[in-house]
Amino acid sequence: MDYALLEAKAQIRRQLEAFGPELNDLALEHPPKGINADLAMPVFPMAKAWRKGPPVIAKEIAEKLDWPEEGLIERAEAAGGYVNFHFKRERFGERVVSDVATHGLDYGQLDRGRDHTVVLDYSAPNIAKPMSVGHLRSTIIGEALARIFRKLGYATVGINYLGDWGTQFGRLTYAFIQWGDEAALEADPIQELLRVYVKFHDLMEEDESLEEQGRVWFAKLERGEEEALALWRRFRDLSIREFEKIYRRLGVQFDVWSGESEFYSAMSDRVIQEAQEKGITANDQGALIIPLEEYGLSAPILLRKSNETTSYETRDLAAALYRLDTYHPAKVLYAVGNEQSFRFQQIFKALELMGYGGVEWVHVNFGFMTLPSGRMSTRKGNVVLLEDVLDEAIERAGRVIEEKNPDLTPEERAEVARVVGIGAIKYSDLSQSRGKDVVFEWDRMLAFDGESAPYLQYTYVRCRSIHRRANVALQPFDGAALEAPEEHELLKTLARFPEIIEDAAREYAPHTIANYLFSLAQEFQGFYEKVPVLKAGSEAQVSNRLQIVDSVATVIRSGLDLLGIEVPERM
RNA sequence: GCCCCCUUAGCUCAGCGGAUAGAGCAACUGCCUUCUAAGCAGUGGGCCGCAGGUUCGAUUCCUGCAGGGGGCGCCA
């Protein structure tokens, strides 16, 4: 699979071989706007070895290079310390259009990951609690990364690792037995579970014995006592049913639903046993730990608490080993917030000490989401529910559609509102780099203008609209009929899509794709204003431009698909 | 005290070793009898937190400092 740009770069590299391997490390860059060139190579690093000034070196290289007639490169020239390359526009354009046309929505697919598996751990909500907007980031970033890695030929395993075990569920079980209401649990399970959990916490502030009750009931769970376990099982099942509704609306899918509860017994015993065999454990105040001070980590991993129950770290280690055994992954990614970075340092170090350092363990971290009023807390009630955000987005989108395009049928409108509303939410999160904290604001998350999903979707819709109105038979793409500079620029941008996907995967950064699509869309909108398609000067131009328009539509659609965002045909 | 993330235009953010630092929003000015104005064109707006260092070259890499956020064993 050699796409136009990869091929062009390979051709340049081949010519550079005339200078021996010395030039291999020089980068081939995309020159900034305003520079008249298609690719550029800075030669400054050669100055010392060659004992010449960069402009002289650039000139020597440019002059010695020789471009085969059948290649994609027209010529090279020196410009200061750069060698600038120019494509044979006709042939390059033909290649790009044919790349996109032959691969369709699979354009950009590469086989970088053949025979490799990536395990992705994302979303991971806690059962018995409503999902808030806070869960959006992990869910959406994880889903996007899974799609990106799949596009590069990796097998992926998306795991929803539920927070379904721990002392808190001892508390919840006890609380429900004390104050729970069956009918309410049936009607709105998460609401009812939250109610008794909040009550437990409120009372716990005055009554310290409750904390002990929580521990006692968790111990019952870990010992497998039926009364506790049956209740817990119901809580879990009911929660999953609620979560599934939201995932369906978000278009998020998992290959595996798992959870901490699967890893507290036999699997945990194995972790403890292996760690002991490796001689990396110690006893401390009745608990079994893995000391990590000598690796610069200020706290140890707690393998077994003094009351004999397991800790979440043990369960995480057990889950990690299970994933190795089951999927044999090259990488295991955890899409989890910054606030847990210390914990992942501990876990990855422990895995290394246990002899499992051969796998790439990656904490795909992201910033904290807060409300303008401060931290979210489900228990304290200052929280924005994910469900409400989805509803609001769709409703707002519906209002805009009614205003902008009243011709749509009610059914169309509802569907477009869904696609646009959900898209806007996802894009607002996926378009910025992961690391930064975000403050949730309705108007920002649900923006429909400027850099937003609706802008990209609208660009797609415009492409499709032209396509629908064209009732001419396409002729083979005719490079000789390329005329407007915008055409060439657009073709170059389209040609970058495959490498953008690789960048996104390498950095675990979906926003790379979002930003690329936005700049492609912007370029297209400029083209749309300036360059007539259906009313172009010649039949060859109409045909060419239609094919460029179709290519833009394909790349936008397939790029948005990588982000888990759908496109409407009209809006 | 130690560790992690962040600091670029009024606001929200791209750019993360290369050629004059870019968008979106907000403000102002234009553009719908040509392919959907959720659009386009234009104007104004920047000690790229501060100080050192590495480099031919630093917004980008390293060190220190300041500010914001998060975390630091029986919660996850």
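Every chain is numbered from 1, with letters handed out A, B, ... down the list of sequences.
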Please work out if A:S306 contacts a base, only the sugar-phosphate, or nothing of the nucleic acid, heavy-atom cut-off 4.0 Å.
base
Does a side-chain N or O of A:Y455 approach OP1 or OP2 of B:C40 to a distance below 4.0 Å, or not?
yes
What interatomic distance, in whole Å, is found between P of B:G70 and the corresponding atom of B:A23?
34 Å
Starting the side chain at C-beta, find the nucleotide from B:A14, B:U36, B:G71 nearest to A:N515.
B:A14
A:F235 and A:F169 aromatic centres sub-6.0 Å:
no
What's A:D284 touching, base or sugar-phosphate or nothing? Going by heavy atoms closer than 4.0 Å.
base
A:L302 CG to B:C75 C1': how many Å, rounded?
11 Å
Which listed nucleotide (B:C75, B:A19, B:C35) is nearest to the side chain of A:P32?
B:A19
Nucleotide nearest A:V400 (side chain, heavy atoms from C-beta), chosen from B:U36, B:A76, B:A38:
B:A38
Distance test, side-chain N/O of A:R304 to OP1/OP2 of B:G73, below 4.0 Å
no
What does A:K33 touch in the nucleic acid at a heavy-atom separation under 4.0 angstrom: a base, only the sugar-phosphate, or nothing?
base
Verify the neighbour count for atom NZ of A:K220: are there more than 12 heavy atoms of other residues, nucleotides or ligands below 6.0 Å?
yes
A:Q432 vs A:T309, nearer the 5' end of RNA chain B by closest nucleotide:
A:Q432
Write down the distance separating the P atoms in B:U59 and B:G53, rounded off to the nearest Å.
14 Å
Can you tell me, in whole Å, how much space there is between the C1' of B:A19 and that of B:A66?
33 Å
Taking atom C1' in both B:G24 and B:A76, what distance in whole Å separates the two?
37 Å
Closest to the side chain of A:Y528, out of B:U36, B:C5, B:A76, is B:U36
When rounded to the nearest Å, what value does the distance between C1' atoms of B:C25 and B:G39 take?
16 Å
Has A:R51 got a side-chain N or O lying under 4.0 Å from the OP1 or OP2 atom of B:C56?
no
Touch class at under 4.0 angstrom, heavy-atom based, for A:E29 against every strand present
base
Would you mind checking if A:E415 and A:R418 are paired as a salt bridge, meaning a charged N to carboxylate O distance below 4.0 Å?
yes
Sugar-phosphate, base or nothing in reach of A:G80, heavy atoms under 4.0 Å:
nothing
Between A:P300 and A:F366, name the one whose nearest nucleotide on RNA chain B is closer to the 5' end.
A:F366
Complement of B:C2, any strand, by Watson-Crick or G-U distances under 3.5 angstrom
B:G71
Atom CG of A:L534 to atom P of B:U34: distance rounded to whole Å?
14 Å
Salt-bridged, A:R434 to A:E507, with N to O below 4.0 Å?
no
From the set B:G69, B:G73, B:G71, return the single nucleotide nearest to any side-chain atom of A:Q285.
B:G73
With heavy atoms under 4.0 Å as the rule, sort A:F518 into base, sugar-phosphate or nothing.
sugar-phosphate
With a 3.5 Å limit on both atom pairs, tell me what B:G42 is paired to, counting Watson-Crick and G-U wobble, or say none.
B:C28
What nucleic acid atoms does A:P45 come within less than 4.0 Å of, heavy atoms only: base, sugar-phosphate, or nothing?
base
Touch class at under 4.0 angstrom, heavy-atom based, for A:R399 against every strand present:
nothing
I want to check one thing: is the phosphate of B:A38, taken as OP1 and OP2, less than 4.0 Å away from some side-chain N or O of A:K404?
yes
Length of the CZ-C1' vector between A:F527 and B:C40, whole Å:
14 Å
If you round to the nearest 0.5 Å, how far is CG of A:N160 from OG of A:S138?
8.5 Å
A:Y455 and A:Y458 aromatic centres sub-6.0 Å:
no
Indicate, with a heavy-atom threshold strictly under 4.0 Å, whether A:H511 touches base, sugar-phosphate, or nothing.
sugar-phosphate
A:E529 has its side chain closest, among B:U36, B:A76, B:C40, to B:C40
If you go through the side-chain atoms of A:N36, does one of them form a donor-acceptor pair with the base of B:A19 closer than 3.5 Å?
no
Whether A:S465 contacts B:U36 is assessed here as follows: a side-chain N or O lying under 4.0 Å from the phosphate OP1 or OP2. Is that the case?
yes
Separation of B:A14 P from A:E507 CD (nearest whole Å):
13 Å
Using the P atom as the point on both nucleotides, what is the distance between B:G46 and B:G10, in whole Å?
7 Å
Distance between C1' atoms of B:C4 and B:G42 (Å, rounded)
44 Å
Can you measure A:Y516 atom OH to B:G15 atom P for me and round it to whole angstrom units?
16 Å
For B:A38, does OP1 or OP2 lie under 4.0 Å from any side-chain N or O of A:R462?
no
On the ring face of A:F218, is A:R171 found with NZ or CZ under 6.0 Å from the centre and within 45° of the axis?
no
Report which part of the nucleic acid A:G34 touches: base, sugar-phosphate, or nothing (heavy-atom distance under 4.0 Å, all strands).
base
Report yes if at least one side-chain N or O of A:H201 is closer than 4.0 Å to OP1 or OP2 of B:C75; otherwise report no.
no
Below the 4.0 Å mark, does B:A38 have OP1 or OP2 next to a side-chain nitrogen or oxygen of A:Q525?
no
In short, A:F263 meets A:G259 closest at the heavy-atom pair CD1-O, 3.3 Å
Rounded to the nearest angstrom, tell me the gap between atom OH in A:Y427 and atom P in B:C25.
12 Å
If you look at every strand shown and take non-hydrogen atoms under 4.0 Å, does A:A40 touch a base, only sugar-phosphate, or nothing?
base
Expressed as a whole number of Å, how far does the C1' atom of B:A14 sit from that of B:C6?
15 Å
Below 3.5 Å, does any donor atom in the side chain of A:Y312 face an acceptor in the base of B:A76, or the other way round?
yes
Heavy atoms under 4.0 Å, any strand shown: does A:I401 hit a base, just sugar-phosphate, or nothing?
base
Kindly give the heavy-atom pair with the smallest separation between A:L317 and A:L303, and that separation in Å.
CD1-CD2, 4.0 Å
When the distance from CG of A:D437 to P of B:U12 is rounded to whole Å, what number comes out?
12 Å
Identify whether any heavy atom of A:D316 sits under 4.0 Å from a base atom; if not, whether one sits that close to sugar-phosphate; answer base, sugar-phosphate or nothing.
nothing
Can you tell me if A:S298 touches the phosphate of B:C3, counting only side-chain N or O atoms and a distance under 4.0 Å to OP1 or OP2?
no
In plain terms, say whether A:R557 and A:E566 are close enough for a salt bridge, that is, a side-chain N and a carboxylate O under 4.0 Å apart.
no
Between A:L456 (CG) and B:U36 (P), how many Å, whole number?
18 Å
Select base, sugar-phosphate, or nothing to describe what A:V43 touches, counting heavy atoms under 4.0 Å on all strands.
nothing
Are any of A:K436's side-chain N or O atoms less than 4.0 Å away from OP1 or OP2 of B:U7?
yes
